Amino acid sequence: MASCRWPWRRCCSWRPAARSPGPGSAGRVGPPGPPSAADASAQMHYFNLVKSLTSAFPNRFHHSTSASRCHSRTQSGEQYSDPFKLGWRDLNGLYEDIRKELLISTTELKEMSEYYFDGKGKAFRPIIVVLMARACNIHHNNSRDVQASQRSVALIAEMIHTASLVHDDVIDDASSRRGKHTVNKIWGEKKAVLAGDLILSAASIALARIGNTTVISILTQVIEDLVRGEFLQLGSKENETERFAHYLEKTFKKTASLIANSCKAVSVLGCPDPVVHEIAYQYGKNVGIAFQLIDDVLDFTSCSDQMGKPTSADLKLGLATGPVLFACQQFPEMNAMIMRRFSLPGDVDRARQYVLQSDGVQQTTYLAQRYCHEAIREISKLRPSPERDALIQLSEIVLTREK
Ligand code: GRG
């Protein structure tokens, strides 16, 4: 297993080639601006959760920046060196509570819609949401504690995420996720679509119950973005620069919008200051884009066992992600393959070889680092708190994750 990891990825200080599109060309979603000198130096049950996180982030404390080298101290004086542990205090019973939202009388539909709420996911989104809630709450004259409505946003974010996974697996005809069969493989496509719809409708009911129209509009935007992001993924662009902007827009819509808007929603619930709302949104957007860029890297560098789903999946689906787009700058012969979405026999293997011979993986990782630095720059504008420090640490974990 160790042989399929790329340990250098954790301390990559690689710089993109002069021709790289770089984050500045990313249009609206784009980015952290031109590289600066700083860049270079640059409970299913608690046990299961910890187990899953330990294997997902085994090296998370081995590579820390001075900004993130922190031990968070709670009001009780207990010390946390792990942002997941700090966040999880507010998430006990997360999956039980989600299952309560999915109150369904039909046995089969109930089984299908509860299938992924088994504690095997990383719960990355709910963790960010509760940490952000506490980090924002101290900006208003109230307790740092997470409000019930903010905790609901954490549940809703995980439910929207899960519904989109179920639908995504239907679109991609995927067979495995999180190391188990997908809903569509077990129950068939039609029922899987309905199970995704049901989770989404339960999330919508929970959202309406919060009763805040601003928050409703922030989180419904996410659903539109998810659909538009998936649509963008169905198309290709001929021009290289347009192709990169298209990729980053798709990345924002498919992955980052949910994180950005959930962060914004809890900031709105906790604090009236629009400056704080924008910081929360920008942090979530930048971390979310970095998260997806690393996901795209892992599709080339990780093993199926590690990921719990097949790797090289993107090429097989005809998708040109960051590593491919960067590789194409070095190997322009990849252009034709990208345009025909790797549909000819041998295209997938050849494209994979080009990527592995190129700097595509390093460049994508470097780009993700720049988004994470931007996330840290944003969140550092908030008042100091253990949760703010944990969010800084979390952005680094995004870069070092192995699943
Ligand atoms: C039903 C709301 C809805 C949308 C339909 C299918 C679709 C439109 C959108 C697909 C969105 C999607 C699946 C994006 C991928 C995001 C991503 C990186 C998923 C993996 O997240 P992890 O690693 O997964 O956090 P775990 O398993 O840990 O939860």
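Both backbone and side-chain heavy atoms feed into the values below; hydrogens, waters and symmetry mates do not. For reference, positions follow the sequence shown, starting with 1. We count ligands from 1, going down the list as the structure has it; atoms in each ligand are counted the same way. Because the structure is a prediction, the values reported are computed rather than measured.
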*Is E278 salt-bridged to K381, going by a charged N under 4.0 Å from an acidic O?*
no
*If we only count heavy atoms from C-beta on, is the M132 to C136 side-chain gap below 4.5 Å?*
yes
*asked:* If the threshold is 4.0 Å, N to carboxylate O, is there a salt bridge linking D169 and R177?
replied: yes
For ligand 1, find each of its N or O atoms that sits under 3.5 Å from a protein N or O atom, and tabulate the pairs with distances to one decimal place.
| from | atom 1 | to | atom 2 | distance (Å) |
| --- | --- | --- | --- | --- |
| ligand 1 | 21 (O) | R125 | NH2 | 3.2 |
| ligand 1 | 23 (O) | K122 | NZ | 2.5 |
| ligand 1 | 25 (O) | R125 | NH1 | 2.7 |
| ligand 1 | 27 (O) | R178 | NE | 2.7 |
| ligand 1 | 27 (O) | R178 | NH2 | 3.4 |
| ligand 1 | 28 (O) | K122 | N | 3.0 |
| ligand 1 | 28 (O) | K122 | NZ | 3.0 |
| ligand 1 | 29 (O) | H161 | NE2 | 2.8 |
| ligand 1 | 29 (O) | R178 | NH2 | 2.7 |

_Quiz question: by atom type and distance under 3.5 Å, do the side chains of D359 and Y366 form a donor-acceptor pair?_
no
_Tell me which pairs pass salt bridge (Lys or Arg N to Asp or Glu O under 4.0 Å) where either residue lies in residues 214-236, with sequence neighbours left out._
E224-R228, E230-K254
*NZ/NE/NH1/NH2 to OD/OE distance under 4.0 Å, K191 and E111*: no
